[in-house]
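Before any comments, here is the structure.
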Amino acid sequence: MDMATSWRFLKSVCVLSFLLGSFSVYQSLCLVDAQEDAIVSLQVDASNMTRRPIPQTLFGIFFEEINHAGAGGLWAELVSNRGFEAGGQIIPSNIWPWSIIGDESSIYVVTDRSSCFERNKIALKMEVLCDSNGSSNSCPSGGVGIYNPGYWGMNIEEGKKYKVVFYVRSTGDIDVSVSFTSSNGSLTLASENIIALASDVSNWTKKELLLEANGTDNGARLQFTTTKKGSIWFDQVSAMPMDTYKLHIQNREIYLRKTQDYDFLGWSQGHGFRNDLFQMMVDLKPRFIRFPGGCFVEGEWLGNAFRWKETVGAWEERPGHYGDVWKYWTDDGLGHFEFFQLAEDIGAAPVWVFNNGISHNDQVETENVKPFVQEAIDGIEFARGDPNSTWGSVRAAMGHPEPFELKYVAVGNEDCNKTYYRGNYLEFYDAIKKAYPDIKIISNCDASFKPLDHSADYFDYHIYTLAKDLFSRSHDFDNTPRNGPKAFVSEYAVNKTDAYNGNLLAALGEAAFLLGLEKNSDIVGMVSYAPLFVNTNDGRWIPDAIVFNSSHLYGTPSYWVQQFFTESSGATLLNSTLKGNSSSIEASAISFQANGKDYIQIKAVNFGEKSVNLKVTVTGLIAKFYGSKKKVLTSANVMDENSFSTPEMIVPQESLLEMTEEEDLMFVLPPHSISSFDLLKESENIIKMSISDSYNKTSTM
C-alpha cells in the first residue's frame, strides 16, 4: 500500500473511529500522526501578471587562489616552485620543496642569480662531486641529483603522457636522467636521458620531453639524476599532464573533449586545467566566474598583492609571488590570461576583481592612485582590446586574437570601510565608464539596507554565518530598495562552527538562503559560494564546495545544493506563497525550458526534524501537468559529511516523478532535506489544478 492510499485509509479509520465513539483509537492513531506529518501548502501564481524573468547571470562560481585551489589544484602544473624563486632573491636561498638526492660528499646544490630570465634571476646550480669512472668517489648506482614532489605528491597514471620542460646549461658534457618515480625514488614510472655535448649546453638551452608512465603513483616525484662529474644549472622546470581539459563552444552549447592543440613537437595539450576539477565546475553550469579573489587580490601588504601584468606572457618570464594572506607561493601559471580562458571554456561571464590601491595593512591615498587606475584600464584592454592595441596585442600573442567578453569588474574586495576606498573607487569608476561605458562596475559597499553614496551597477555582499541564521536570512533582500544597484552576493557560506568540514546542516541553511535570493532576483543579480576549492593538504579555510588531493576529489553537500539551481539562471520566477506551519520550510517555483519543453520546478527545503507534506496549488495557467523528475538531497544525520572514503554519502538522488490526474497526491519533504520536483507542462483548458506527490510512491531511495 503506497503512502497516498495509506493516508486516505487512515483518514477513513479516523472518521469511523470518531463516529463510533472510539476516542482512544482516534487519539492514538490520528492525532499523533497528524502532528508528525504536518501539511504546508504552496500557492503558485503562474499568471503573466506576476511572473518575472530571472537574470541570465544569477548563479555562478567564485574562484580564489586559496587552499592551493589553483597552484596544486585546478592549474595542472605538477612542479612546485618551478623557477626556484620561492625562497626569495637573496642567495643562497631555500629551494623547498626541492630536495637533494645524495650526500655532501657526492653533490653540492646552491642557488645563484645566473638565470637567463630577467624577471626570474634565481637558478639552481648542481655541482656533482662523484663520477662513474671507478674513482675513489664513485656515484651511487642510481646517480645523484634533485627531485621535486610537487604539491604533496604528483599523480602519475599508467599509460598517460606528461610534458616535461626545463632549461639547462653546463660547463661540460651532460648525461642526465629525467624521471618520474615513486615517492621514495625506488620505482621508476617513466624516464628519459638527456645527453649533450658541452658546446650544446654552454648557454641556457630549453629541453622538452614527453614521458609516458608505465605505472601509477599518486604520490610520485620528478627527479633529475646523473653519475657524471661536473656543474649543471637548472631553471624553470615544468611538468604537465597532456590531457588537460578544454571546451569547444559552439552555438552556446558546450562540448567537452580532449584537446588537440599542438603547442610543440605535435604533442597535444589542453588549456592547463585539471580534468576532474574542471568538470566539477562545468557541472554547476555557472553563468559567471569571479576571479582571482578575494583577499588574494588585496594581499596583507600591497607588495604581495596579485598584479595582473606580472602574470601574462610566457610562463618562464612570470616572476610569481608570495600570497601573504593565504601563506604560500604561486608561480602564477594560472594568470590573467588563463582566468579569462577558463571563463570562456566553461561558458561563463568573467567578473574580474582588481586591487584598488588597498591591502589589509596599507593603502594608497586617492591623490596617488592613478597608476592603479591605469593598471585596471590596461587589464580591461588586455581582455577586450583590438589585437593591434598595446595590451590586446599581448593577448593575441598568447594565442587569443579575439577579445574576451569582459562586462563586469569589481573595484577591490571588502574594502568599503577603508579610509581611501570611496575616493579611490570614484577614480576607477569615472575612468572605466569613460573608456568602457558598457562595463558594469561593482562596489564593495553594502546597499542591502541603505542607499549607496556613490554610483555603482552592483554592490558586493558577503555573508558567513551559522546554518540557522542563514536559513532565517532567506528574506534579507525582501525590503531592499529596487531603484538602486543590484546585489552581487559573491561570497556566502555557513561557517565552520556549524559546517565542520562541510555537512548537510550547512547545505540546508545555504539552500534556503539561495531560495530567498532566487525569489528576490529582481534586485539580486549574481550569487556565488565561497570558497570553491580546497586541497586537503592545505585546509586554511574550511568548509569549501570541492575537496581534493593529487588524485581524488569529492563535492561537499554545499556543492550538491548548487546543482539544484542549474536551471534557475534565465528562467522565469513564479510568485509563490507558503501557508500553514512553515517555520522550517522555504520554497520557490520557477518555469524553465529544456529541450524544447516547458517545465515548472518546485524547490523546497525542510530544515526541521519531521517530514512535511507539501501541497502545491498552481493558478493562473492553462496547463496540464505531467510528472518528470524528482531530486532529493538528505541523509540519516544532519551532521553527516562526505569524505574521500565515502564521497557520495550525501548526493542528490534522482527518480521519475509519476503523476496521474485522478490521484490527490502530496510532495513529501523528508526531514532535513532539499527537494526539487520538475513538472512537464502541456496546454489544456484547465485554469486551476492541485498537484501533489507521495515521496514513498515515487522515490527509489
Side-chain angles (χ1 to χ4, degrees), residues 39-59 285 287 474-480 482 486-487 511-527 561-580 582 585-606 612-632 657 659 665-667 669 674-693:
I39 298 177
V40 173
S41 66
L42 181 69
Q43 297 181 352
V44 179
D45 182 358
S47 66
N48 290 331
M49 294 183 63
T50 61
R51 61 171 53 202
R52 58 175 172 78
I54 295 173
Q56 294 285 344
T57 56
L58 184 58
F59 290 107
K285 299 181 181 178
R287 295 301 185 93
S474 60
H475 298 282
D476 267 10
F477 290 90
D478 288 2
N479 299 314
T480 299
R482 263 48 182 176
K486 291 185 178 295
F513 183 64
L514 293 181
L515 289 176
L517 299 183
E518 182 177 80
K519 290 191 289 187
N520 280 289
S521 56
D522 58 329
I523 187 63
V524 178
M526 293 188 281
V527 183
V561 156
Q562 293 175 63
Q563 287 210 357
F564 281 77
F565 295 84
T566 56
E567 302 297 344
S568 295
S569 297
T572 299
L573 182 73
L574 305 180
N575 187 43
S576 59
T577 305
L578 279 169
K579 292 185 178 282
S582 59
I585 306 297
E586 189 63 56
S588 76
I590 65 171
S591 176
F592 71 94
Q593 290 187 329
N595 301 318
K597 297 179 180 180
D598 293 327
Y599 295 85
I600 284 181
Q601 182 181 79
I602 307 297
K603 292 191 289 290
V605 173
N606 182 0
V612 172
N613 295 298
L614 181 69
K615 183 177 182 179
V616 179
T617 302
V618 180
T619 61
L621 186 68
I622 300 176
K624 180 179 179 181
F625 297 93
Y626 296 93
S628 177
K629 183 177 70 173
K630 175 171 63 177
K631 185 161 64 173
V632 180
L657 179 59
M659 297 176 59
L665 305 173
M666 287 188 178
F667 295 128
L669 309 179
I674 176 173
S675 306
S676 69
F677 307 90
D678 289 354
L679 312 175
L680 178 63
K681 295 190 299 181
E682 281 192 8
S683 295
E684 188 180 68
N685 293 324
I686 298 176
I687 302 296
K688 178 178 177 180
M689 65 180 300
S690 296
I691 313 160
S692 53
D693 183 40

Val44/Ile602 under side-chain contact (heavy atoms from CB on, under 4.5 Å): CA gap, chis, key distance, verdict: CA-CA 9 Å; Val44 179; Ile602 307 297; 4.2 Å; yes

Pairwise side-chain contact, Ser474 with Leu515, heavy-atom cut-off 4.5 Å (strictly under): no

Ion pair check, Lys603 and Glu567, cut-off under 4.0 Å: no

Leu578 side, atom CG; Gln43 side, atom CD - distance, nearest 0.5 Å: 9.5 Å

Listed partners of Gln562 passing side chain to side chain donor-acceptor pair (under 3.5 Å), at least two apart: none

Residues forming a ring-ring contact (aromatic ring centres under 6.0 Å, His included) with Phe59, sequence neighbours excluded: Phe565

Distance in Å, Gln563 CD paired with Lys285 NZ, rounded so as to fall on 0.5 Å steps: 9.0 Å

Asp45 side chain vs Ser47 backbone, donor-acceptor pair below 3.5 Å: yes

Contact summary for Arg482 and Phe477, nearest pair of heavy atoms: NH1-O, 2.7 Å

Validation row: Lys681, Ser591 side chains within 4.5 angstrom (heavy atoms): yes

N/O donor-acceptor pair under 3.5 Å between Lys629 side chain and Ser676 backbone: no

Over all atoms of both residues, closest heavy-atom pair of Leu42 and Ser588: CD2-O, 4.5 Å

Close side-chain approach of Ser675 to Phe667, heavy-atom, < 4.5 Å: no

Nearest heavy atoms of Ser521 and Ile54, plus distance in Å: OG-CG1, 3.7 Å

Glu586 and Lys519: CA distance, side-chain angles, deciding distance, side-chain contact (heavy atoms from CB on, under 4.5 Å) verdict: CA-CA 11 Å; Glu586 189 63 56; Lys519 290 191 289 187; 2.6 Å; yes

Spatial distance of atom CD1 (Ile39) from atom NZ (Lys579) [nearest 0.5 Å]: 15.5 Å

Heavy-atom closest contact (Glu518 atom, Leu58 atom, distance): CA-CD2, 4.2 Å

Distance, nearest 0.5 Å, that separates OG of Ser576 from CG of Leu574: 7.5 Å

4.5 Å side-chain heavy-atom contact, Leu657 and Asp678: no

Straight-line distance of Arg51 CZ to Asn575 CG, nearest 0.5 Å: 11.5 Å

Validation row: Thr617, Ser41 side chains within 4.5 angstrom (heavy atoms): no

From CG (Leu680) to NZ (Lys597), nearest 0.5 Å: 6.0 Å

Side chain to side chain donor-acceptor pair (under 3.5 Å) partners for Asp478, two or more places apart: His475, Asn520

Any donor-acceptor pair under 3.5 Å from Arg287 side chain to Gln56 backbone: yes

Partner of Leu669 by side-chain contact (heavy atoms from CB on, under 4.5 Å), out of Val632, Ile674, Leu614: Leu614

